[in-house]
Structure formats: structure tokens, C-alpha cells
S.K.: 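Take this structure, written in C-alpha cells, and hold onto it; I'll ask about it next.
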Amino acid sequence: MLVIESGLLSLFCLAGGALCAQAPATDAPAAGSPLPIRECYCPAHFGNSYEAMGPRELAAYLAELKWMGFNRYGDWMTTTDVCNPYTSAATWDLAKELLDRKKKAFRAAQELGLELDLIVTLNHVYLDQVNPRHAAKTGPRIQGQLICPSDPEARKIILGNFERWFEDLADAGIRLSTCTAFAYDYGGCACDQCRPWIVTFSRLMKEIHGLAQRRHPGVEPWFCSWWWTPEEHTQVNDWAAQEAPGWLKAMTMHIEYGQTRPKDVPVPAGCRKLAFVHIGYGDQRGREVYGRQGAVLAPQRLPQTLRELRRLGFEGFQAYSEGVFDDVNKTLLAGLASGRFTTPDAAWCAYAERYFEVPRERAADWAKWFARWGDGTRALLPTVTSEFPGLAQGVKPTWRLEQWRIRVELEELDRAIGTPPRTDWTADKLALAERWFATQERLYREVYRLGPVRHVLNPRFMPPLWYESWRQVSAGAPKGGTLGPQQ
């Protein structure tokens with residue numbers, strides 16, 4: 001991980017990224033007065049970068065997040081796929097390792113001066129805590145290792161988990177600033193006793209917040225409206241007015257894919273408006289989401305999102321990240337939101353100078369190149385392909401450079417394959433597909449340095465458009481979207 005000494009670091013922080021004064025403006029400035037809340041939500045789970053990194057490696061990356069302009073760090077307590085680490089008799093199982101790494105990450109962020117947010121999914125529990133007697137009733141939007149909070153035994157398990165987590169974090173010297181609750185993905189119960197779920201969720205979170213305050217005095221309760229309906233917003237507003245006036249301190253509003261602003265819905269009185277900004281894809285959702293085809297960049301969407309948030313009076317955002325593939329997006333969003341950079345070009349120039357160690361004039365060329373990305377289906381592929389070798393010449397071969405090199409390779413291969421019907425798969429096209437699979441595997445193992453990747457981050461989700469016809473003509477190719485026989 002490249003670390004620049006503090007003296008040079010301060011030089012990078014000159015207003016608007018003055019080191020890149022020669023870079024052309026690609027859009028009207030998206031910067032303004034700094035947004036006070038600039039959180040990077042980095043859930044360490046599913047085999048992603050944050051789960052795979054060692055504690056020192058992650059601490060170094062958190063320092064880079066601070067340089068980019070973030071002032072808050074968030075993670076969640078992973079229960080997915082693991083048993084309760086507090087009752088496990090194993091010497092050091094996966095659950096214990098994940099928990100230990102999370103505490104070290106929170107401590108590292110705290111030592112950097114970042115405020116801490118614990119993201120919580122209220123009725124999502126450890127594998128060995130799911131029991132048919134008190135399992136939640138699943139349905140649309142309701143999934144995961146869920147138990148019913150209206151069942152007294154299940155509610156005791158839920159509250160016991162949270163009490164143990166809050167105590168454990170406090171005993172490790174960690175002090176939470178906020179606790180953000182998600183009602184869905186994971187979470188929910190569709191049984192009669194839990195309806196309407198959003199009200200059951202709110203009451204449960206209020207009880208959980210009481211537990212948090214015992215060991216984390218002053219911790220604020222926040223909600224994230226990921227997957228909420230307008231009706232659920234109304235229900236929460238009514239509940240808050242009647243049962244908890246002034247209790248909820250912030251609402252992180254869901255921005256849907258491809259959009260640049262949340263829906264215009266009211267929030268409870270006294271509740272700050274924030275945005276939940278997905279930075280894991282380009283200007284439009286494509287099959288590169290979550291870095292399946294290399295680095296992602298949203299040169300239009302993210303600056304426009306900041307303009308909308310400022311216009312609507314929002315106080316900040318939680319940037320949702322699933323790995324290092326959105327590294328340039330992080331610099332763009334946090335750099336503009338913090339006021340460190342006044343234009344996207346200035347942010348990209350500073351990024352190239354810092355991480356590619358190139359002089360000012362070459363950094364300006366990188367900024368022009370970055371501006372071409374966004375929607376991969378409309379990228380000027382011949383141009384970005386022909387320009388990349390020159391841009392990369394002499395650049396230190398780091399993962400930040402290699403994820404763009406592979407993005408170009410996969411885009412080229414994808415277009416060369418096209419979307420052939422079953423009858424048009426020639427030997428040459430089959431060979432191109434094999435190269436595509438091998439290149440993607442190299443991306444995951446040699447660049448991202450990941451192991452087994454799970455759930456929606458696994459590359460078998462959202463495969464290339466040509467995958468199904470390829471599968472039909474490839475002997476031995478597994479069904480269900482699995483990418484390639486070798487996988």
C-alpha cells in the first residue's frame with residue numbers, strides 16, 4: 001500500500017487539487033461547502049476485499065479513505081454463514097477470525113480520527129441460532145438467517161446478540177458514534193404478529209438502542225431506507241410521532257440504481273436527511289457492478305448526486321462499498337463532498353499523481369481517460385483501449401493500475417465475443433470465452449487477492465450476456481450461471 005509522507009500529503013490537499021491545474025474541466029463543479037457526514041460503509045463479508053485484507057493492510061487502506069475525504073467508517077457484524085463465535089468450542093474458527101478483524105478495523109479507524117458507525121440488521125442471527133420453532137416468515141424483500149422478533153424466545157436471542165456485541169466493542173476500546181439499522185437485506189418477518197414489519201423493526205431498534213447507550217453513551221440511532229416503500233416511510237413517520245418523538249437522529253435515504261437523488265419523502269421531525277450512495281458501479285447499472293469486470297467509475301452520476309444532495313439540503317451520505325474496485329469512485333465522491341477537490345478532473349489528477357506516481361501533465365491525461373468511463377456499454381472502447389498502453393507505460397505496477405488493465409482486456413474480449421446465438425459459436429469464439437474466464441479469474445485472485453467469494457459478489461451472478469448461449473454449446477459447462485468449467 002502506497003503511503004505518502006505528511007508533508008507531501010498536505011501539498012495534495014491544496015484547494016481544489018491545484019497540482020492538476022492543467023486538467024480540463026469535464027463538467028460544472030459539483031463541490032461546494034463540505035458535507036459534514038461523509039461515511040464509507042465497508043461491510044467485511046462475502047469474501048470481499050475488506051474481509052480478505054489483513055489488519056495492517058486494512059488500516060493502511062483506511063488511512064487512504066481519510067485522505068480521499070471520508071470522515072466516518074462503517075461496518076456490520078457478520079452473522080451470514082457462521083455460527084456464534086461467543087459459544088463456539090473451536091480454537092479459532094471463521095466467525096472468531098471475522099469478529100477479531102472487525103474490532104481491529106474499528107480501532108484503526110478510530111485512531112485515524114474517523115467516527116464509527118455500526119450497521120445492524122436486527123433479526124439476522126448466527127447459523128446455529130436459526131430454529132424452525134421461531135424462524136421468521138420470509139417473502140418478498142425478506143431473506144437471510146432470520147428469526148421472528150415477535151416470538152419471545154427469538155427476541156431474547158436477538159437482544160442477547162446485541163448486548164454482547166456492544167459490550168465486546170466497548171471492552172476493545174471502541175466507541176460507536178452511530179448505529180444504522182436496515183429493515184431489509186437482511187431482515188424482516190412477514191408473520192401476522194410482525195405486521196407491519198417496519199413498525200416492528202422500529203420498536204425493536206429502539207430497544208436495541210437502549211442497550212447500546214449503556215456502553216456507548218451518546219450513540220445515535222439512524223435508519224437506512226434501503227428497499228423501503230413510500231407507505232413504509234409514512235408508517236415510520238407516524239410511529240415516531242406517536243411513540244418516539246425526536247428519537248431518530250438521521251435517515252439514510254435509498255437512491256435506486258441509475259438515479260442521482262432519493263425519493264422525495266418526509267422523515268420524522270428532528271431527523272437529518274442523508275443519502276445511501278452505491279459506489280460499486282458506473283453511471284448506469286451494468287454487469288460490471290461489484291467489480292466483476294474490473295474497476296468501476298461513475299464520472300457523471302456521482303457529481304450529479306452531490307449536486308442534488310446539496311440542492312435538497314442533505315447533510316451527507318453513506319457510500320456503500322463492496323471492495324477496492326470502486327477506489328476511483330471513492331476519491332471522486334469524498335473528494336468533491338469534502339471540498340478537497342472542486343472538479344472531477346482535480347480529483348482524478350490527484351489520484352493519478354498519488355497512486356500512479358506520474359507527473360502533473362501525465363496525471364491530466366489520466367483525468368481525460370477516466371472521464372470516458374461510466375456506462376461500459378457506451379464507453380469509447382477503441383479510444384480507451386488504444387490510449388491505455390501509453391498511459392500505463394512506466395507506471396508502477398500496483399493493483400490500482402492492474403484492475404484498469406484487466407477492465408480494458410475484459411471489455412475488449414466481451415465485444416469480440418458479442419452475443420452469438422447458439423449456432424454461431426465458432427472455435428475462435430470459444431477460445432475468446434476461455435480467455436475471458438481466465439482473465440476474470442486472474443482479476444479476482446491476482447489483483448483483488450480474494451479467496452472464495454460468496455452470495456451476490458460471486459461472479460456466477462450477472463454473467464456476461466453471451467454466457468447462456470455459450471453454456472448450451474459447451475460440454476460439461478455447469479448450469480445456474482456458473483462462469484466457466486474451471487470454476
Side-chain angles (χ1 to χ4, degrees), residues 1-6 8-20 23 29-43 49-50 53 57-75 105 108-117 275 277-280 291 295-299 301-303 305-306 309 316-358 363 366-367 370-371 373 398-401 403-404:
M1 183 66 63
L2 175 64
V3 178
I4 294 183
E5 298 298 328
S6 58
L8 183 56
L9 214 168
S10 63
L11 186 61
F12 272 107
C13 299
L14 295 174
L19 286 176
C20 298
S33 58
L35 295 176
I37 297 173
R38 306 182 301 277
E39 178 176 321
C40 199
Y41 168 41
C42 307
S49 301
Y50 308 118
M53 286 182 185
E57 183 183 7
L58 183 52
Y61 192 72
L62 290 174
E64 297 307 301
L65 294 186
K66 183 175 181 179
W67 173 83
M68 292 170 185
F70 292 102
N71 60 5
R72 298 174 56 88
Y73 167 74
D75 191 6
Q110 183 170 273
E111 290 168 2
L112 286 165
L114 301 176
E115 292 193 61
L116 306 182
D117 183 20
V277 182
H278 195 329
I279 59 173
V296 299
L297 179 57
R301 178 173 63 87
L302 293 182
T305 296
L306 290 176
L309 298 184
F317 55 79
Q318 289 175 328
Y320 165 46
S321 170
E322 285 286 2
V324 297
F325 53 84
D326 58 21
D327 201 58
V328 183
N329 270 348
K330 290 187 180 91
T331 304
L332 178 62
L333 180 68
L336 294 178
S338 64
R340 170 164 292 168
F341 308 116
T342 58
T343 66
D345 287 320
W348 294 328
C349 260
Y351 184 95
E353 287 185 292
R354 184 174 180 84
Y355 298 119
F356 298 158
E357 300 183 37
V358 295
W366 273 103
F370 282 141
W373 289 93
T398 66
W399 64 264
R400 285 185 165 95
L401 178 67
Q403 65 176 347
W404 282 106

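The shown structure was predicted, so the numbers you read here are calculated from the model rather than taken from an experiment. Positions are given from 1 along the sequence.
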S.K.: Is the F356 ring parallel, tilted or perpendicular to the Y351 ring (thresholds 30°, 60°)?
M.R.: perpendicular
S.K.: Locate the shortest heavy-atom distance separating S321 from D326; write the atom from each residue and the value.
M.R.: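 Closest approach of S321 to D326, heavy atoms only: OG-OD2, 2.7 Å.
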S.K.: List the atom of L116, the atom of A109, and the distance in Å for their closest heavy-atom pair.
M.R.: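 Closest approach of L116 to A109, heavy atoms only: CD2-CB, 3.7 Å.
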S.K.: For a 4.5 angstrom cut-off between non-hydrogen side-chain atoms, does T305 reach L333?
M.R.: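 The answer is no, as the side chains (C-beta and beyond) never meet within the 4.5 Å cut-off.
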S.K.: Identify the two heavy atoms, one from Y50 and one from P43, that lie closest to each other, and give their separation to 0.1 Å.
M.R.: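 That would be CD1-O, 4.0 Å.
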S.K.: Would you indicate whether the side-chain heavy atoms of L58 and C42 approach each other to under 4.5 Å?
M.R.: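 Answer no - side chains too far apart.
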S.K.: How long is the span from the CG atom in L401 to the CD atom in E357, to the nearest 0.5 Å?
M.R.: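 These two atoms lie 11.5 Å from each other.
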S.K.: Roughly how far apart are E353 CD and W366 CH2, rounded to 0.5 Å?
M.R.: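 If I round to the nearest 0.5 Å, the distance is 13.5 Å.
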S.K.: Looking only at heavy atoms, what is the nearest atom pair of R38 and S338, with distance?
M.R.: NE-CB, 3.4 Å
S.K.: Looking at side-chain heavy atoms only, is the closest gap between W404 and D327 below 4.5 Å?
M.R.: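 Counting from C-beta outward, W404 and D327 never come under 4.5 Å.
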S.K.: Classify the side-chain pair Y320/Q318 by whether it contains a donor and acceptor separated by less than 3.5 Å.
M.R.: no
S.K.: Does any non-hydrogen side-chain atom of V328 lie less than 4.5 Å from one of W373?
M.R.: no
S.K.: Can you check whether M68's main-chain N or O pairs, donor with acceptor, with K330's side chain at less than 3.5 Å?
M.R.: no
S.K.: Can you list the steps and then say if R354 with T331 is a side-chain contact (heavy atoms from CB on, under 4.5 Å)?
M.R.: CA-CA 11 Å; R354 184 174 180 84; T331 304; over 6 Å; no
S.K.: Please report the closest heavy-atom contact between P303 and L332, naming both atoms and the distance.
M.R.: CD-CD2, 4.0 Å
S.K.: Is it the case that the side chain of Y73 and the backbone of D117 share a donor-acceptor pair, with hydrogens and angles ignored and the cut-off at 3.5 Å?
M.R.: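 Not confirmed, Y73 side chain does not pair with D117 backbone.
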S.K.: Under the rule for side-chain hydrogen bond (donor to acceptor under 3.5 Å, both in side chains), what residues qualify as partners of N329, not counting sequence neighbours?
M.R.: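 N329 satisfies side-chain hydrogen bond (donor to acceptor under 3.5 Å, both in side chains) with no residue once adjacent residues are dropped.
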S.K.: Determine the minimum heavy-atom distance between I279 and R301, stating which atoms define it.
M.R.: CA-NH2, 4.2 Å
S.K.: From F317 CZ over to Y41 OH, what is the distance, rounded to the nearest 0.5 angstrom?
M.R.: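 Result: 16.0 Å between the selected atoms.
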S.K.: Roughly how far apart are E57 CD and S49 OG, rounded to 0.5 Å?
M.R.: 8.5 Å
S.K.: What distance separates Y355 OH from W399 CH2, expressed to the nearest 0.5 Å?
M.R.: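 One gets 8.0 Å once the value is rounded to the nearest 0.5 Å.
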S.K.: In Å, rounded to the nearest 0.5 Å, how long is the span from CG of N71 to CG of L35?
M.R.: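 Those atoms lie 10.0 Å apart.
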